[in-house]
Amino acid sequence: MFSFAIDYYLMVVISAIGVLQIAASIGKLHALLLVRFPLVSRAVGIILAIAGPVLFFATDERNINDYEGGLDGNYQGMFFILGTITALALTIAATSFVNRSMDHPTQIESGIESLKRTNYTRGLANNIRFLRKHWRTWRTWTRPYFFG
């Protein structure tokens with residue numbers, strides 16, 4: 001079962017990285033692209049999203065009940081969540097390194113929109129700096145979302 005779980009985990013990581021590349025290229029989030037060109041990155045994402053399940057199902061017999069050595073539904077959910085978190089962390093780390101030379105934005109954008117012009121670590125630092133500067137007014141910004 002241990003090998004089966006690791007194979008499933010790796011399939012989820014590979015496929016999730018591919019899906020993240022597809023979504024980043026469609027959303028024009030250039031800071032999350034592993035390759036500078038969006039169409040190439042989308043093609044790489046499609047290849048990765050397909051390659052994960054193909055490698056998983058083509059390498060061994062995978063239609064196994066959980067009591068015969070397969071994955072229980074709870075473990076499958078746990079490995080899926082761990083795989084997607086790992087894929088997100090690997091994507092952020094790799095793209096922050098690859099896109100470290102992206103120019104600094106003249107206007108600081110908030111949230112995910114900052115990933116269109118700057119890498120993740122710089123965008124996170126800019127957003128934290130902005131929130132620290134305006135820390136007293138965040139309650140008035142968030143009040144309509146929590147208290148109607």
Side-chain angles (χ1 to χ4, degrees), residues 1-105 107-132 134-135 138-139 141-142 144-146:
M1 182 184 124
F2 185 70
S3 174
F4 189 82
I6 296 297
D7 290 346
Y8 178 75
Y9 171 77
L10 290 175
M11 177 202 62
V12 171
V13 169
I14 292 169
S15 298
I17 289 174
V19 170
L20 284 170
Q21 290 302 298
I22 294 168
S25 69
I26 291 172
K28 297 181 178 125
L29 302 175
H30 299 292
L32 285 181
L33 298 178
L34 290 170
V35 183
R36 298 238 184 227
F37 305 105
L39 288 177
V40 175
S41 185
R42 193 176 305 168
V44 168
I46 291 171
I47 290 169
L48 287 175
I50 293 172
V54 166
L55 288 174
F56 179 73
F57 287 108
T59 56
D60 202 4
E61 180 65 34
R62 302 298 184 181
N63 190 12
I64 304 171
N65 290 328
D66 60 344
Y67 54 88
E68 294 176 352
L71 278 180
D72 182 46
N74 295 326
Y75 287 117
Q76 189 174 1
M78 180 183 70
F79 283 116
F80 183 82
I81 291 170
L82 289 175
T84 54
I85 290 171
T86 303
L88 182 61
L90 287 174
T91 300
I92 287 172
T95 57
S96 290
F97 179 75
V98 168
N99 298 321
R100 66 186 179 278
S101 63
M102 287 184 90
D103 51 348
H104 299 282
Q107 178 186 6
I108 298 174
E109 298 176 7
S110 64
I112 201 165
E113 294 295 319
S114 65
L115 294 177
K116 290 184 177 184
R117 297 199 177 114
T118 186
N119 65 19
Y120 182 82
T121 53
R122 233 178 251 135
L124 182 63
N126 288 341
N127 282 311
I128 289 173
R129 195 175 308 119
F130 179 79
L131 287 174
R132 279 188 178 174
H134 301 288
W135 71 276
W138 73 271
R139 290 184 194 147
W141 294 341
T142 59
Y145 298 108
F146 293 109

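Atoms considered below: every heavy atom in the structure, side chains included; atoms not considered: hydrogens, waters and symmetry mates. Source: prediction; values computed, not measured.
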Once you round to the nearest 0.5 Å, how far does CG of Asn99 lie from CG of Leu33? 7.0 Å
With a 4.5 Å cut-off on side-chain heavy atoms, are Val44 and Leu34 touching? no
Inter- and intrachain pairs under side chain to side chain donor-acceptor pair (under 3.5 Å), touching residues 11-32, at least two apart: Gln21-Ser41, Ser25-Arg42
All heavy atoms of Val19 vs all of Ala49, minimum pair found to be CG2-CB, 4.3 Å
Should the heavy atoms of other residues, nucleotides or ligands under 6.0 Å from CZ of Phe80 be counted, would the total exceed 12? no
Sorted by chain and number, sequence neighbours left out, side chain to side chain contact (heavy atoms under 4.5 Å, CB included) with Leu10 holds for Ile6
So, taking the atom named CZ in Phe4 and the one named CD in Gln76, what distance separates them when rounded to the nearest 0.5 Å? 7.5 Å
Sequence neighbours excluded, which residues qualify as side chain to side chain contact (heavy atoms under 4.5 Å, CB included) partners of Ile85? Ile81
For Arg100, check side chain to side chain contact (heavy atoms under 4.5 Å, CB included) against everything at least two apart and list the hits. Phe97, Asn119
Do you know the tightest heavy-atom contact between Tyr120 and Ile92? CD2-CG2, 3.2 Å
Which atom of Leu88 lies closest to which atom of Leu20, heavy atoms considered: CA-CD1, 3.9 Å
Sequence neighbours excluded, which residues qualify as side chain to side chain contact (heavy atoms under 4.5 Å, CB included) partners of Ile14? Leu48
Pairs where residues 79-95 contributes a residue and the test side chain to side chain donor-acceptor pair (under 3.5 Å) is met, not counting sequence neighbours: Tyr9-Thr86
